[in-house]
Structures are given as C-alpha cells and as structure tokens.
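Numbers restart at 1 for each chain; the letters A, B, ... are given by sequence-line order, proteins then strands. Please read these numbers as outputs of a predicted model, since none were measured by experiment.
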Protein chains: 2
Amino acid sequence: MKLSTRGRYGLKAMFDLAMNYGEGPISLTSIAERQYISVNYLEQLISPLRKANLVKSVRGAQGGYMLAKPPSEITVGAILTTLEGPLAPTDCVVEYGEDELCDHSRYCVTKVIYEKIYESITSVVNSITLQHMLDDYESNRPADVVDAICVCK
Amino acid sequence: MKLSTRGRYGLKAMFDLAMNYGEGPISLTSIAERQYISVNYLEQLISPLRKANLVKSVRGAQGGYMLAKPPSEITVGAILTTLEGPLAPTDCVVEYGEDELCDHSRYCVTKVIYEKIYESITSVVNSITLQHMLDDYESNRPADVVDAICVCK
DNA sequence: TTAATCCCTAGTCATTTACTAAGAAATCAT
DNA sequence: ATGATTTCTTAGTAAATGACTAGGGATTAA
C-alpha cells in the first residue's frame, strides 16, 4: 500500500513548480537539483503530467516547464493518479466493462471495504490543491526553516 | 497503492473463519478450497495472524483454526496491518525514533498529505469488523446468491 | 500406528520499480 | 548559421518485491 517514487517525486516536482508559478519556464535540471531527483528519471515523470494537461512546456534553450493552471486548480489527486494510476487498494474497484474480473463482485463483502478505502483516499487527495500546500508552507514553518519538502526519497 | 494478495487472501480467510465461528477448528485445506487459495501460501498468511492473536490453532488430525475472539472484536484494520504492515502511503509517516528518514520532516508539506491519507485509510479499516461483514453479507445479498466473496485474486 | 493437520524454512520465477543511457528535435543567444 | 541549452522519446538494466511451490518436521485424533 505504498506510493512509489513516481507519485512522490512527481508531487515534489509539482510543488516546486507551484512555488515558481508565474515566473516563466523552469528547467527540469533546476527542479532536479532542488529536489534531489535524477533529471533523466524526472523527465519520465513530467511527460505524463504534461499529457494530463497539468504542466506545459517550452522547448529549446531557456525553456522549461510551468503549471498549466493556477495552483488552486491543481489537486494532489490529479497529480498522484496521473503518475500512479487510480489510488485504489484493488483492481476490482476500478475495472469495469469488458473484462470484469469477478462474477460475484456485486455482492462481494470484501469489495465493499475496498471501495470505502478507495473513496476515503480519493476524497483526501482531491480536496488538497497545490495552493493549499503553498499556504501550509507559508503559515506553518518557523522563520528559520527554508526547506519546504523532505529530502527523503 | 495496491494491497497485495497477502492482505486480500488473509481477509478472505478471516471472513471464512468468521462464517464458521463457534463451530470448532476449521482446516486450512477447507478454507483454501472455498476461497480458491493455495494451501501452502495460506499457511504463510495464517502464521502471522496467529502470532497477532487474531486466530488460534488446534494441531493434529481434525485440527484447524478458529477466530481467537468474536467477529465483532476483530477489525479489518487489524487483519490488514498484520499482513501488509502499516497501511501508510509512505514510510516517513510511520517510522520514528532511531533512524528518522528525514531532517526536515517536521515541516514537510508533502508529509502532511501522506499523514492525512494514512489517517483516512486507518479510520476506515479500523471501523469495520468481521461482524459488520457478516451483517452486510446477510442483509444485502439476494436469496439466490450464495457466494459471499469474489473469486477474484 | 497412521492419517491428518499445523508449523517452518528455503527456493524460484515473473513482475515491477527505479532508475541509467543515449540520442533526436526544438529553440534561444551570439 | 552555429552552438548551447533544453525538451522529448525509447531502450535497457539491476535490484527488489510478490506470489507462490516444495518439502519436511511436530502434533494429535482415530
């Protein structure tokens, strides 16, 4: 039940972009340095975020990335689900249609539980935006703390 | 963010035991047959459940397993955490003391989010007992449905 | 005494994770 | 125009994890 580095690094990168919102394109190299992430790996994470229309890119020298919308319009849920897939504890709560995994799923007592877990996770992450994170960063930290995000992987 | 088969199979097995609560020891072989799980694998899952005092065993012929407490006193959370470890999206919300992962964790804006996810998951699974599942099974299924749990893995 | 059962450990195969590497395409600055 | 800088894409890989299988010892009812 752990998030992978994809989601965690992606969220860090998006928060970094949020802190630099409105300041033109930010290069992946600079994000990678600030957040201690490999550039090559970060490139693989930013790609789906761009396709999901959460960031936009400017190519060429002095290019980079910026948020595609204001921080208040980008939820943590949108970021995490683009990088991790649905935040569901099982496939059965999420896969519909063609190849339904299980005949009895309509009356499955465990599926009910997994759906509740799914809903509670979704509800949390969809209610938090990058703007909330920025506000949280400004209000909660002591004056002498400059780092906004753990260095941890 | 998926549960592994350990948690899912373990929950199925525990629900099976709950359905047979008060009827003496139930053999792993019979549980495995009903729930379509390999006996060898199930043995590896029941072992930690026994050590966590959620089931007790009777050895020898005609032996088997039974719930160590009434279904109303066994939560889904206890079962899942025994088999999966803490239902946390990251290690950083759960590891304390000796080797703290990160210096800045006290003011980490992403850690706050992971803690909220952790709390919401914990709150859901700790509020559901095996008795709730039994009640759900009895009340919600149509008369012609006999299976309580998906066959799905 | 035998069959059934719990109990424990080791091994294995496939998948996933977390990257590294490398090169093509675009664009700015000179 | 050229070179430096940057995005973009794909392929490969080493380590870890997941999901088992296999086998044998210990215990007990019949």
Legend entry - OP1 or OP2 of C/dA4 under 4.0 Å from side-chain N/O of B/Thr29: no
Legend entry - A/Ser4 side-chain N/O to C/dA18 phosphate OP1/OP2 under 4.0 Å: yes
Legend entry - Protein-nucleotide distance (B/Leu28, atom CG; C/dC8, atom P), rounded to Å: 13 Å
Inset, instruction - Measure the distance from CG on A/Leu83 to C1' on C/dA18 and round it to the nearest whole Å. - result: 14 Å
Inset, instruction - Using whole Å, report how far OH of B/Tyr9 lies from P of D/dG18. - result: 14 Å
Measure all distances between protein nitrogen or oxygen atoms and nitrogen or oxygen atoms of nucleotides 11-13 of chain D, and list the pairs falling under 3.5 Å.
unit_1 : atom_1 : unit_2  : atom_2 : d
D/dA11 : N6     : A/Gln44 : NE2    : 3.3

Inset, instruction - Assign a letter to each nucleotide of nucleotides 24-30 of chain D from its 5' end: B, base within under 4.0 Å of a protein heavy atom; S, sugar-phosphate only; -, no contact. - result: -BBBBSS
Inset, instruction - Let me know the distance between CG of A/Asp91 and C1' of C/dT15, rounded to the nearest Å. - result: 14 Å
Legend entry - Non-neighbouring partners of B/Leu134 that pass side chain to side chain contact (heavy atoms under 4.5 Å, CB included), sequence neighbours left out: B/Phe15, B/Ala18, B/Met19, B/Pro71, B/Gln131
Inset, instruction - Would you indicate whether the side-chain heavy atoms of B/Gln62 and B/Pro25 approach each other to under 4.5 Å? - result: no
Inset, instruction - Check every atom of C/dA18, C/dC8, D/dC20 against the side chain of B/Arg50 and return the nucleotide holding the closest atom. - result: C/dC8
Inset, instruction - Find the distance B/Tyr41:OH to C/dG11:P and express it as a whole number of Å. - result: 19 Å
Inset, instruction - Select base, sugar-phosphate, or nothing to describe what B/Ile46 touches, counting heavy atoms under 4.0 Å on all strands. - result: nothing
Inset, instruction - Report yes or no: do B/Met1 and A/Val94 belong to one cluster of Ile/Leu/Val/Met/Phe/Trp/Tyr joined by side chain heavy-atom distances under 4.5 Å? - result: yes
Legend entry - Qualifying side chain to side chain donor-acceptor pair (under 3.5 Å) pairs with a residue from residues 70-88 of chain B, counting only residues at least two apart or across chains: B/Ser4-B/Glu84
Inset, instruction - Verify the contact: side-chain N or O of B/Thr5 to OP1 or OP2 of D/dA19, cut-off strictly under 4.0 Å; return yes or no. - result: yes
Legend entry - Atom pair CG/CG of B/Leu11 and B/Leu83 - distance to nearest 0.5 Å: 9.0 Å
Legend entry - Non-neighbouring partners of B/Thr90 that pass side chain to side chain contact (heavy atoms under 4.5 Å, CB included), sequence neighbours left out: A/Arg8, B/Cys92, B/Val93, B/Tyr114
Inset, instruction - Could you please name the option among D/dT7, C/dC8, C/dC19 that lies closest to any side-chain atom of B/Lys51? - result: C/dC8
Inset, instruction - Mind jotting down which residue pairs meet the side chain to side chain donor-acceptor pair (under 3.5 Å) criterion with at least one end in residues 43-54 of chain A? Sequence neighbours excluded, please. - result: A/Ser47-A/Lys51
Inset, instruction - Measure the distance from CG on B/Leu42 to P on C/dC7 and round it to the nearest whole Å. - result: 12 Å
Legend entry - Spacing between A/Leu45 atom CG and D/dT9 atom P, to the nearest angstrom: 14 Å
Inset, instruction - Could you check how far CG of B/Leu3 sits from P of D/dG18, rounded to whole Å? - result: 11 Å
Legend entry - Closest listed nucleotide, where the reference is the side chain of B/Ser27 and the choices are C/dT5, D/dA19, D/dT7: C/dT5
